[in-house]
Amino acid sequence: MQTPQQKYNPKEVEERIQKFWVDHAIFKKSIEQRKGNKPFIFLEGPPTANGLPHPGHVLTRVMKDLILRYQTMNGHYILRKAGWDTHGLPVEIEVEKKLGLADKQAIEKYGVAKFNEECKKSVFRYEHAWVEMTQRIAFWLDMDTPYITLKNEYIESVWWSLQQAWKKKLLYRGHKVVPYCPRCGTALSTHEISQGYKVVEDPSIFVKFKIKNEEGYFLAWTTTPWTLISNVALAVHPTEPYIKIRSNGEILILSEQRAAVLLKGQEYEILDRFTGKELEHTEYEPLFTYASPEKKAWFVVLADFVTMEDGTGIVHIAPAFGEDDYTVGRAYDLPVVQLVKLDGTFPEEVTLWRGQFVKDADPNIIQYLEERGLLSGIKKHSHEYPFCWRCDSPLLYYAMESWFIAMSKVQESLVKNNNQIAWYPPHLQQGRFGDFIRDVKDWALSRDRYWGTPLPIWTCSNKKCNHAICIGSVQELRELSTDFPEKYDLHKPFVDELIIHCPKCNQQMIREKEVIDCWYDSGSAFFAQWHYPFENTDLFKENYPIDFISEALDQTRGWFYSLLAISTFLFDKNPYKTVLTLGLVLDKDNQKMSKSKKNYVDPTIILDHEGADALRWYLISANAPWMSTRFYEEAVKDTLGKFLLTYWNSYNFFTTYAILDSFDATQKIIPLSKRGLLDQWIMSRFHHLLMTVQDHMKTFETHKAARAVENFVIDDFSNWYLRRSRKRLWVEEMTPDKLSGYHTMYEIFIGLSQLIAPFIPFITEEMYQNLKTPGMPESIHLCDYPAFEKNAVNEELEKGMDQIRALVESGRALRSKINIKGRHPLPAVTVICSKEIEKSTKPLVDLIKEELNVKTVTFAQDSSRFMIKTVKPKYSHLGPKYKEKAKHITHALETQDLHQLYEQLQTKKEVVLVVNDEQIHLTSDDFDVVEHEKEQYAKASIQDITLFLDTTITPELEAEGLARELIRRIQSMRKEASLAVEDRIVTEIGLEPSTQKAMEKWKEHIKEETRSKSVLFVQTPSGMLQKKWMIDDLSVEIGIQK
RNA sequence: GGGCCCGUAGCUUAGAUCGGUUGGAGCAACCGGCUGAUAACCGGUAGGUCGAGAGUUCAAAUCUCUCCGGGCCCA
């Protein structure tokens, strides 16, 4: 055992411990030593190393590590394979920026092979920062053999799963309406469009649609005239009222509510009135006949999304150009008329405006409608409209061809499997996630991009054959291709360049050009990390389903969903048993952190200043894991000061004295039952703590576990146990009590460090390394979790101590109240309590003596000398019994003398009140008895115990008080002279003769307490340090000499 | 626009499942004490329209509804 540093230096300690772990391969050993034990299966949600880690990532990694270390110490075998998510649009965008490529055409021109090569490099651009962060916060993760979604093996597994979907007829080609940039020729993801919204002023027009075979028009409203060319239906709200009116000689149908707004101040005659439902299937004449759809079109449909906020309550429907439109279109089996080319211009068949960019054609279309008398009004309308963040072109909503996985077909299985999962917090299961699952939409799988897992679908180029296949392995692909090389990379463009022959007609096949959604990649991790089913089938089977995953709340519909979706259609099984959803990390003001807002806190700064343990402890203890947590340095600093330093200083205190006394933890171990009550008490508290922590960890209430530990360390251990143990450690010789204290402290430090090693792995390791004895595991992280022992718990002792502490507390408050300082000894306290309580507290009365600085403590049962009894009405009783009268009864009782009521209840057994001329009979059941002290006594009381202080100060006690004053001042001088605890001094004290006489008796005591070789009373004290002091009215000069 | 979560003292929070006497703690503040016990300790003081409003009830931080604010997800 060595004396630790006085000041805790987190950075120094953590770097040293880190090195120790690496040098001794502790992480590896922690896994291997559990081999053969019951596994705890974990799956790492792969981050993308394409950006720097964020405080939110720190939280997820800390929480994962906490749970995994906890489960490891509880004996489980845990593989901790790291993973990297490597595909996707963000990577492409980074590379586009770097290479200065403006759009997809530029990428094609640059060369897909070279482009993807750059993507591959870019993916690990910040890997170093991730690895460093992961190590610094001590997230033990096997980063040497991670799964990586860009690897051929991983892609092959993903292909296999897609082939399963294909075989189950779940893969199909359909349409998806997406925001599309006609200039860049690309669809934009939602996060891309969210940065490009602008408020613009567009023409909004009121268009008349002639009702078929009937006089009159439907009046519809639109801000995108160019979509009218592709109109196929009009939508009304099913339950809102609509009216047919005559206005300016025209017959129009529109929403009643909107008519009131739009035609305000105008005269119109109401001809008829109906609900939207009644209009369903009414046909109208198309505005344009450029399209001749195969399916039935141009009639009224019903849709809930029709709003009464603006427009006419009648919405024109063009399924190719709006998501809502598309959905309604599917419901009514409407044709998808798409009279806009991919470059944003009208095609040949739109003869009037062919070649014009659709937005530019708006004025021409408006003019044309006006000329035909189909326009009833034009207004300017300002609204938010998305623009391309890259080129600033207005985006068009556009129905793009896309491949889908028919999740709607397995909806019931999804719900069933979701119900097997233990969600933390539970509300997500049926709430956000459950709602999503119940209303599941087909998964739009394909992306018309470059850097991703290629869609393994090939279609025969022979239009007559049109045979399509889904490849499920490299082997299959090799067999079908004529030119399959030795070395290959399954990305684009390799797969597109392979020459594949149709198994049916032997013509060449062409791959569908898209790549897949990268959420599918990460959602495949549970099997693809093992390259299942091509290898490791047993590893896969052993590790599925997964016991535990944990990510932040934003993954609910991301990774948590994609895992469940894939696992459901592949195996019809829930992929994970437990999911811990973490809250988001916000800034000091509860705002989302972002670099642009400049409220971003760099975790490395905190790691440098306060250290990983403080950071971890803060994140774990601040809040329930699923609640959002504010993150700022000051908060971590508080944690460091409040908890970690208290813990460290307690350790420092213990080791300092233990070394001084050459304490040997392996020698003369005293059984717990033979130790002092204080020792037995702290052990009992500690074992209670073990139980509490384990209970909270089971439900992931890590903040409650951490707070229980804090309370134990700060309150029970440091502020009470160690403080109360100080005296016995100061004794020179090794008394049994002192030895018993050392053993107890030692055991607590070892046990406590083990208990919180999963929370704060560095500082606990530091202590463990210093305290461990031969034969103990090499690292604290190779230890078993401390086990709760029922024998160690002594409920009665704990209760007694609670009472003692409460007594001491109120005794001190009492002293403060009656203004008699703690250093003045008082002659006596009397403790009034039952025999039973006396039995449990009597062994601990010395604590009262010392803490309250009194000479004697006596027990008595009768408090009547000191006490006065009163009653307090039981409102919980009176309320139900007297209902509305209770208020008046309460009121009446307020004016009564409560002591007299008590007396009355004792003698007459009832109290009669007159309330509103009615007699109310109350019995002792309606009251609680409350005790108060008589004011003339200095009294403190807790529950069943009362304590009375005798406040007489005798001359002897006065002298003793002075002795304490002197000791305190000599001690502070020792400190000032920077003397070591064990240094001996010569003390000279200059006092007035009369005081000096009174002090003679205390000379020995002063000598002992101040580690003085001798204490002399002299006229003028000398020494290396001399000081004049005022003690109340008394002037004293003291000199000390080493 | 829809769904979900959250809102208690300057800050961090307990209490909400199951309504019941005066809503507990810690940090910070202030006053006092103590100190070979540390960024410590002890006593006290002040600080709360429990986000707002309404409802149910003898009784609401707690149950219900509406609204406000913050956040997330989806449009």
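Naming: A, B, ... by sequence-line order, numbering from 1 per chain. Nothing here was measured: the structure is a model prediction, and the numbers come from that model.
- G7(B) and U12(B) are spaced 14 Å apart, taking the C1' atom of each and rounding to whole Å.
- Rounded to whole Å, the distance from CD on Glu634(A) to C1' on C11(B) is 11 Å.
- Nucleotide A25(B): paired with U12(B) (Watson-Crick or G-U wobble, both distances less than 3.5 Å).
- U21(B) and C5(B) have their C1' atoms separated by 34 Å, with the value rounded to a whole Å.
- Distances were taken from every side-chain heavy atom of Arg974(A) (C-beta onward) to each of U13(B), G36(B), U12(B); the shortest belongs to G36(B).
- Of the residues near RNA chain B, Asn719(A) and Leu584(A), the one whose nearest nucleotide (by heavy atom distance) lies more toward the 5' end is Asn719(A).
- When the C1' atom of G24(B) is taken as reference, atom CG of Asn711(A) falls 13 Å away, rounded to whole Å.
- Summarising the geometry, the separation between OH on Tyr424(A) and C1' on C4(B) is reported as 20 Å, rounded to the nearest angstrom.
- Separation of the C1' atoms belonging to A40(B) and G51(B) is 38 Å when rounded to the nearest angstrom.
- Nearest-nucleotide positions on RNA chain B for Phe436(A) and His703(A) put His703(A) closer to the 5' end.
- Phe433(A) and Trp423(A) have tilted rings, their planes meeting at an angle from 30° to 60° on a 0 to 90° scale.
- When the C1' atom is used for both A14(B) and C50(B), the distance is 12 Å, rounded to whole Å.
- A16(B) and C11(B): their P atoms are spaced 23 Å apart (whole Å).
- Taking the six-membered ring for Trp and the full ring otherwise, the centers of Phe436(A) and Tyr561(A) sit less than 6.0 Å from each other.
- Taking only side-chain atoms of Tyr632(A), from C-beta outward, the nucleotide of U12(B), G36(B), C73(B) with the closest atom is U12(B).
- Each of C72(B), U38(B), U12(B) was ranked by its minimum atom distance to the side chain of Arg630(A); first place goes to U12(B).
- Comparing U38(B), C6(B), A39(B) by their nearest atom to the side chain of Leu645(A) picks out A39(B).
- Atom OH of Tyr647(A) is separated from atom P of A39(B) by 19 Å (rounded to the nearest Å).
- Base pairing annotation: U56(B) forms no Watson-Crick or G-U wobble pair, as no partner gives both donor-acceptor distances under 3.5 Å.
- The nucleotide whose nearest atom lies closest to any side-chain atom of Asn623(A) is, among G3(B), U13(B), U38(B), U13(B).
- The base of U38(B) does not come close enough to the side chain of Ser650(A) for any donor and acceptor atom to sit less than 3.5 Å apart.
- Between Glu710(A) atom CD and U13(B) atom C1' there is a gap of 11 Å when expressed in whole angstrom units.
- Between Phe631(A) and Tyr618(A), the ring planes lie tilted relative to each other; the angle falls in the 30° to 60° range.
- Salt-bridge formation is not detected for the pair Asp435(A)/Arg432(A): no Lys NZ or Arg NE/NH1/NH2 atom is positioned less than 4.0 Å from an Asp or Glu carboxylate oxygen.
- Remark: the separation of the P atoms in G19(B) and A59(B) is 15 Å, to the nearest Å.
- Spacing between C27(B) and G71(B) at atom C1', rounded to whole Å, works out to 25 Å.
- Between G15(B), C73(B), C4(B), one nucleotide has an atom nearer to the side chain of Lys704(A) than all others, and that is G15(B).
- The aromatic rings of Tyr8(A) and Trp648(A) sit tilted, their planes meeting at an angle between 30° and 60°.
- Comparing U17(B) with A61(B), their P atoms sit 13 Å apart, to the nearest whole Å.
- No close placement of the Tyr651(A) and Tyr647(A) rings is indicated, their centers lying 6.0 Å or farther apart.
- Between Phe433(A) atom CZ and C73(B) atom P there is a gap of 15 Å when expressed in whole angstrom units.
- Look at Arg330(A) and Asp442(A) and you find no salt bridge, because none of the NZ, NE, NH1 or NH2 atoms lies under 4.0 Å from a carboxylate O.
- For the pair Leu582(A) CG and C5(B) C1', the computed distance is 15 Å after rounding to whole Å.
- The residue Ala622(A) sits close only to the backbone: its heavy atoms come under 4.0 Å of sugar-phosphate atoms, none of a base.
- The side chain of Arg726(A) places no N or O atom within less than 4.0 Å of a non-bridging phosphate oxygen (OP1 or OP2) of G36(B).
- Nucleotide A46(B) forms no Watson-Crick or G-U wobble pair with any nucleotide shown, as no partner meets the under 3.5 Å limit on both distances.
- Residue side chain Arg432(A) reaches the base of C72(B) through a donor-acceptor N/O pair under 3.5 Å, judged by distance alone.
- Using N1 to N3 plus N6-O4 or O6-N4 for Watson-Crick, or N1-O2 and O6-N3 for G-U wobble, each under 3.5 Å, C4(B) pairs with G71(B).
- Distance NE2 (His427(A)) to C1' (G71(B)): 12 Å, rounded to an integer number of Å.
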